[in-house]
Amino acid sequence: MHDIWPSYRKYLNTHFEWSPQVLDLVSRARETLNLPSNSTESFMALHLRRGDFEGHCEWLKPQRTGFTTWATLPDLAHSTFPPSLAVTNETSVYEHCYPSLRRILAAISHQAAERPHLRRIHILHDGAIDHPLVYLQYHKLKAALMDPGWAERNGWKGGPMVQVTQSSDLPAGRGELDWKVCVDMELAVQAGAFVGNGYSSLSSQIIALRLSRDRGSATDITLV
């Protein structure tokens with residue numbers, strides 16, 4: 001993977017683009033959800049990978065498996081939220097694969113404490129009828145992130161989040177539901193900072209797209 005990264009990065013930068021239909025929905029989502037992107041104000045993105053991932057992470061523990069594909073790039077060596085991943089330790093594998101909400105909040109705080117222009121966050125998640133608890137976890141995160149007391153205790157300059165949105169808020173109309181994952185990905189690519197899961201193929205592809213864009217940097221990426 002590392003050997004082909006330079007050429008793949010060039011391919012993504014030069015040739016990859018979403019379909020016009022996806023880009024139209026991205027534009028509508030940015031406007032509807034009030035997700036700005038300029039020099040004074042932007043938003044953060046979080047990939048909350050839950051759903052069936054809990055069982056997958058349990059299976060990975062004894063396999064002693066590390067991060068996937070582009071999340072292993074050397075550029076991201078310092079992007080893992082501490083403690084660092086120890087693949088020989090089953091507890092460490094699970095902690096990074098299926099992080100607690102407390103750990104996720106700490107990772108968000110790592111980016112937000114010194115970035116007062118990031119006071120909106122869009123949360124990508126896989127909540128569904130068969131995974132309803134994902135919505136509960138989303139609302140727990142939202143409550144903490146918008147709590148002034150919590151932000152003050154964690155040293156956030158500029159106060160708490162003023163807005164928290166989620167995947168189900170995307171303004172997808174009839175015939176557009178299958179594009180929502182692509183739209184979520186592009187929003188995460190355009191975000192001022194990204195907190196992702198190093199074990200998730202979706203997070204890793206968002207990382208690849210972010211790093212391939214002009215001025216793409218690993219400093220605004222945190223892996224839980």
Side-chain angles (χ1 to χ4, degrees), residues 1-18 22-23 26-27 29-30 33 35-49 66-85 96 99 103-124 145 151 154-158 161-165 181-224:
M1 300 297 295
H2 297 176
D3 290 342
I4 68 171
W5 168 241
S7 59
Y8 185 57
R9 182 177 191 171
K10 183 177 180 180
Y11 159 76
L12 290 175
N13 181 269
T14 306
H15 299 293
F16 178 82
E17 61 180 348
W18 298 108
V22 169
L23 292 176
V26 169
S27 179
R30 291 285 298 268
L33 303 183
L35 297 175
S37 181
N38 52 58
S39 58
T40 59
E41 188 178 15
S42 186
F43 67 99
M44 187 184 302
L46 162 71
H47 181 206
L48 180 66
R49 181 62 172 95
F67 289 163
T68 186
T69 57
W70 312 117
T72 67
L73 289 171
D75 288 350
L76 298 170
H78 301 292
S79 295
T80 303
F81 188 72
S84 59
L85 172 63
H96 287 272
R103 179 173 171 80
I104 292 170
L105 282 169
I108 294 172
S109 185
H110 173 71
Q111 287 286 352
E114 300 299 326
R115 298 171 186 259
H117 66 296
L118 299 179
R119 285 303 174 265
R120 288 176 170 81
I121 185 168
H122 181 66
I123 299 179
L124 297 66
L145 293 171
N154 286 273
W156 286 28
K157 300 176 181 177
M161 292 289 173
V162 299
Q163 175 182 292
V164 181
T165 58
V181 173
C182 303
V183 173
D184 262 345
M185 289 181 66
E186 179 58 23
L187 290 175
V189 172
Q190 294 180 11
F194 174 61
V195 178
N197 188 317
Y199 282 90
S200 165
S201 57
L202 183 70
S203 280
S204 68
Q205 191 56 55
I206 289 170
I207 289 169
L209 288 168
R210 286 181 66 94
L211 294 179
S212 70
R213 300 282 174 95
D214 293 335
R215 298 184 299 279
S217 170
T219 60
D220 48 31
I221 296 172
T222 298
L223 299 175
V224 290

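Between His122 and Thr165, the side chains place a donor N or O and an acceptor N or O closer than 3.5 Å (distance only, hydrogens not considered). Between Thr69 and Ser204, the side chains place a donor N or O and an acceptor N or O closer than 3.5 Å (distance only, hydrogens not considered). A donor-acceptor contact closer than 3.5 angstrom is absent between the side chains of His47 and Asp184.
Taking 4.5 Å as the limit, some side-chain heavy atom of Tyr199 sits within range of a side-chain heavy atom of Leu85. Contact check for Leu124 versus Ser203: no side-chain heavy atoms found under the 4.5 Å cut-off. Side-chain atoms of Phe67 and Leu223, non-hydrogen and from C-beta on, do get closer than 4.5 Å to each other. Using a 4.5 Å heavy-atom threshold, the side chains of Ile121 and Val195 count as separate. Between Val22 and Glu186, every side-chain heavy-atom pair lies at or beyond the 4.5 Å cut-off. Leu209 is listed as a side-chain neighbour of Phe16, based on a closest heavy-atom distance under 4.5 Å.
To the nearest 0.5 Å, atom CH2 of residue Trp70 and atom OG of residue Ser201 are 12.5 Å apart. Between the CD1 atom of Ile108 and the CD1 atom of Ile104 there is a distance of 7.0 Å, given to the nearest 0.5 Å. Between the CD atom in Gln163 and the CG atom in Leu33 there is a gap of 7.0 Å [rounded to 0.5 Å]. To the nearest 0.5 Å, atoms CG (Leu12) and OG (Ser7) are separated by 9.5 Å. Atom CZ of Arg30 and atom CG of Leu187 lie 7.0 Å apart (nearest 0.5 Å). Between atom NE2 of residue His110 and atom CG of residue Asn154 there is a gap of 13.0 Å, rounded to the nearest 0.5 Å.
Side chain of His96 to main chain of Pro83: a donor-acceptor pair is present (N/O by atom type, distance under 3.5 Å, no hydrogens or angles). A donor-acceptor pair under 3.5 Å is formed between the side chain of Ser79 and the backbone N or O of Ala218.
Checking each of Arg120, Arg119, Arg115 against Glu41 for a salt bridge (Lys or Arg N to Asp or Glu O under 4.0 Å) leaves exactly one that passes, namely Arg120.
Smallest separation of non-hydrogen atoms from Leu118 and Met44: CD1-CE, 4.1 Å. Counting all heavy atoms, side chain and backbone alike, Gln190 lies closest to Phe43 at C-CZ, 4.3 Å. Scanning all heavy atoms of the two residues, the minimum distance from Ile221 to Leu211 falls at CD1-CD2, 4.1 Å. Nearest heavy-atom pair, Ala29 versus Val183, reported as atom, atom and distance to 0.1 Å: CB-CG1, 4.3 Å. Scanning both residues, Trp156 and Ser109, for their nearest heavy atoms gives NE1-OG, 2.7 Å. The shortest heavy-atom contact between Thr222 and Gln111 is OG1-NE2, 2.9 Å.
Using the six-membered ring where Trp is involved, Tyr11 and Tyr8 have ring planes that are parallel, under 30° apart on the 30 and 60° scheme.
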Give the C-alpha distance, both sets of side-chain angles, the deciding distance and a yes or no for side-chain contact (heavy atoms from CB on, under 4.5 Å) between Thr40 and His117.
CA-CA 6 Å; Thr40 59; His117 66 296; 6.0 Å; no
Between Trp18 and Val26, is the side-chain contact (heavy atoms from CB on, under 4.5 Å) condition met? List the steps.
CA-CA 10 Å; Trp18 298 108; Val26 169; 5.8 Å; no
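Salt bridge status for Asp220 with Arg210: present, with a side-chain N to carboxylate O gap under 4.0 Å.
The 12-atom threshold is not exceeded at NE2 of His78, counting heavy atoms of other residues, nucleotides or ligands nearer than 6.0 Å.
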